[in-house]
Amino acid sequence: MATPKAVTAVAKRGARQPSLAQLRAFAAVAEHLHFRDAAAAIGMSQPALSGAVSALEDVLGVTLLERTTRKVLLSSAGERLAVRAKAVLDEVGALLEEADAVRAPFTGALRLGVIPTVAPYLLPTVIALVHEKYPDLDLQVHEEQTSSLLEGLAAGRLDLLLLAVPLGVPVVTELPLFDEDFVLVTPLDHWLGGREGIPREALKELNLLLLDEGHCLRDQALDICREAGRADAPVTTTAAGLSTLVQLVAGGLGVTLLPRTAVRVETSRSNQLLTGYFADPAPTRRIALAMRAGAARGAEYEELALALKEAVRPLPVRVV
């Protein structure tokens, strides 16, 4: 954003501002220190180049070059302003590249934020889809908790989120992908281990291990317990991630709830675990893509959501 001083300076000059052609000519001379070589480098005639630099000096009110019969030197002002001119031209180039990306869908960078309880289990599918269907898309992944992802989306640091919904944020548009059941993971000797048709009410009496504060999966687990009639869920042991949580279960410290997409990955690390399944309707969570309401690339994100729905069908989920 322009500073007040910069705005005042421009106002004083009125409509007399440097053109891109003038800046390009000056930057070329500053690089080559030779009019003929500079003109050839940017495809401009030597008289036109010299005229553009002179016009720039007139607009800026400073002498940029010291001209002699044998060589061209930058004045002290020219040395300082050459850096600025190059920066302006670089930014214009970046602007044009970004415009090209906008005109050509699924190109350029896509900064995707993913919650930790989704990332290890969904990202292989997402990455394979992008490589196969959108090879020109520069996918950049950021794994963070929900609150941090929403802050990044609002600030423009992130473009799209993959997380559990509903979010209840008016300025965010949710693109639902699928629902997945929660399952009960227990030690081998637990009385509910490996059972099917487990009533939710069984959660009232279980020593339930949870993730740390800040994970949406923790809040979802607590909600499930409340729905089962459990007034509170005393927490004596927590973990920063699902892998640690499952290892605590394997060690006999309690039981936990896992989303179905995480079961194969997490339970395969130990032979001391059993998986139990709830009676219908099982507790579930919904996973969606989320974008800023009115996002410029909204149509792309909607198309990506449709493609991702098809890609996740082999997983233990229900596409919505």
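Numbers for residues simply follow the sequence, beginning at 1.
Atoms CZ and CE, on Arg297 and Met291 in that order, are 12.0 Å from each other to the nearest 0.5 Å. Taking CG of Asp138 as the reference point, atom OG1 of Thr107 lies at 10.0 Å (rounded to 0.5 Å). The distance from atom CZ of Phe182 to atom CG of Leu258, rounded to the nearest 0.5 Å, is 9.0 Å. One distance of note links CG of Leu177 with CG of Leu308; it measures 5.0 Å at 0.5 Å rounding. The CG atom of Leu74 sits 12.0 Å away from atom OG1 of Thr63, with the distance rounded to the nearest 0.5 Å. Here the straight-line distance linking atom NZ of Lys86 with atom CD of Glu91 works out to 10.5 Å at 0.5 Å rounding.
The shortest side-chain heavy-atom distance between Leu129 and Leu304 falls under the 4.5 Å cut-off. Put simply, the side chain of Leu257 reaches to within 4.5 Å of the side chain of Phe278, judged on heavy atoms. Within the 4.5 Å cutoff, the side chain of Val130 has no heavy atoms near those of the Leu110 side chain. Side chains of Leu60 and Pro18 form a contact here, defined as non-hydrogen atoms less than 4.5 Å apart. Counting heavy atoms from C-beta on, the side chains of Leu315 and Thr125 come closer than 4.5 Å. Counting only heavy atoms from C-beta outward, the side chains of Val169 and Val171 approach each other to under 4.5 Å. Using a 4.5 Å heavy-atom threshold, the side chains of Tyr301 and Leu289 count as separate. Counting only heavy atoms from C-beta outward, the side chains of Val92 and Leu20 approach each other to under 4.5 Å.
Within a 6.0 Å radius of NZ in Lys309, other residues, nucleotides and ligands contribute more than 12 heavy atoms.
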Please set out all donor-acceptor pairs under 3.5 angstrom arising from side-chain atoms of residues 243-253, sequence neighbours excluded.
unit_1: Ser243; atom_1: OG; unit_2: Glu266; atom_2: OE1; d: 2.9
unit_1: Ser243; atom_1: OG; unit_2: Glu266; atom_2: OE2; d: 3.3
unit_1: Ser243; atom_1: OG; unit_2: Arg269; atom_2: NH1; d: 3.0

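Closest of all the heavy-atom pairs between Val183 and Arg260 is CG1-CD, 3.2 Å. Between Glu66 and Ser75, the closest heavy-atom pair is OE2-CA, 4.0 Å. Nearest heavy-atom pair across Ala52 and Ala21 is CB-O, 4.4 Å. Val255 and Pro187 make their closest contact through CG1-CD, 4.1 Å (heavy atoms, listed as atom of the first residue, atom of the second, distance). When all heavy atoms of Leu89 and Ala27 are compared, the pair lying nearest together is CD1-CB, 3.7 Å. The nearest pair of heavy atoms linking Ala290 to Leu163 is CB-CD2, 3.9 Å.
When hydrophobic clusters are built by joining Ile, Leu, Val, Met, Phe, Trp and Tyr residues whose side-chain heavy atoms come closer than 4.5 Å, directly or via intermediates, Val320 is not grouped with Leu162. Both Ile127 and Leu137 are part of a single hydrophobic cluster, where members link through side-chain heavy atoms under 4.5 Å apart. Under the 4.5 Å side-chain heavy-atom criterion for Ile, Leu, Val, Met, Phe, Trp and Tyr, Val53 and Val62 are members of the same hydrophobic cluster. Under the 4.5 Å side-chain heavy-atom criterion for ILVMFWY residues, no single connected hydrophobic cluster contains both Phe26 and Leu73. Put simply, Leu306 and Ile287 are part of two different groups of oily side chains (I, L, V, M, F, W, Y) that touch within less than 4.5 Å, one to the next.
In the hydrophobic clustering (ILVMFWY side chains linked at under 4.5 Å, chained through shared members), Leu188 is joined by Leu274. When hydrophobic residues (I, L, V, M, F, W, Y) are linked wherever their side-chain heavy atoms come within less than 4.5 Å, Val83 remains an isolated member.
In this structure Asp37 satisfies the side-chain hydrogen bond (donor to acceptor under 3.5 Å, both in side chains) test with no other residue, sequence neighbours excluded. Not counting sequence neighbours, Asp136 has no partner by the salt bridge (Lys or Arg N to Asp or Glu O under 4.0 Å) test. Applying the side-chain hydrogen bond (donor to acceptor under 3.5 Å, both in side chains) test to Glu310 and every residue at least two apart in sequence or in another chain returns Arg313. Looking at residues two or more places apart in sequence or on another chain, you find a side-chain contact (heavy atoms from CB on, under 4.5 Å) between Val72 and Val29, Phe35, Leu65. Remark: Arg84 engages no residue in a salt bridge (Lys or Arg N to Asp or Glu O under 4.0 Å) (not counting sequence neighbours). Not counting sequence neighbours, the partners of Glu144 by the side-chain hydrogen bond (donor to acceptor under 3.5 Å, both in side chains) test are Ser148, Arg157.
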Let me see the working for Leu167 and Leu150 under side-chain contact (heavy atoms from CB on, under 4.5 Å), right down to the final yes or no. CA-CA 9 Å; Leu167 299 168; Leu150 288 172; 4.0 Å; yes
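Panel note: side chain Glu196, backbone Tyr277; no donor-acceptor pair is recorded below 3.5 Å. In this structure, the side chain of Ser54 engages the main chain of Ser50 through a donor-acceptor pair within 3.5 Å. Judged by distance alone, with hydrogens and angles left aside, the side-chain atoms of Thr275 form no donor-acceptor pair with the main-chain N or O of Val185 at under 3.5 Å.
Within the structure, side-chain hydrogen bond (donor to acceptor under 3.5 Å, both in side chains) contacts touching residues 159-169 (residues at least two apart or in different chains) are Arg111-Asp159. Listed by first and then second residue, the ring pair (Phe, Tyr, Trp, His ring centres under 6.0 Å) pairs involving residues 116-159 are Phe106-Tyr134 (not counting sequence neighbours). Legend: side-chain hydrogen bond (donor to acceptor under 3.5 Å, both in side chains) pairs involving residues 166-192, not counting sequence neighbours, sorted by first then second residue: Asp179-Arg286, Glu180-Thr261, Glu180-Arg285, Asp181-Arg318.
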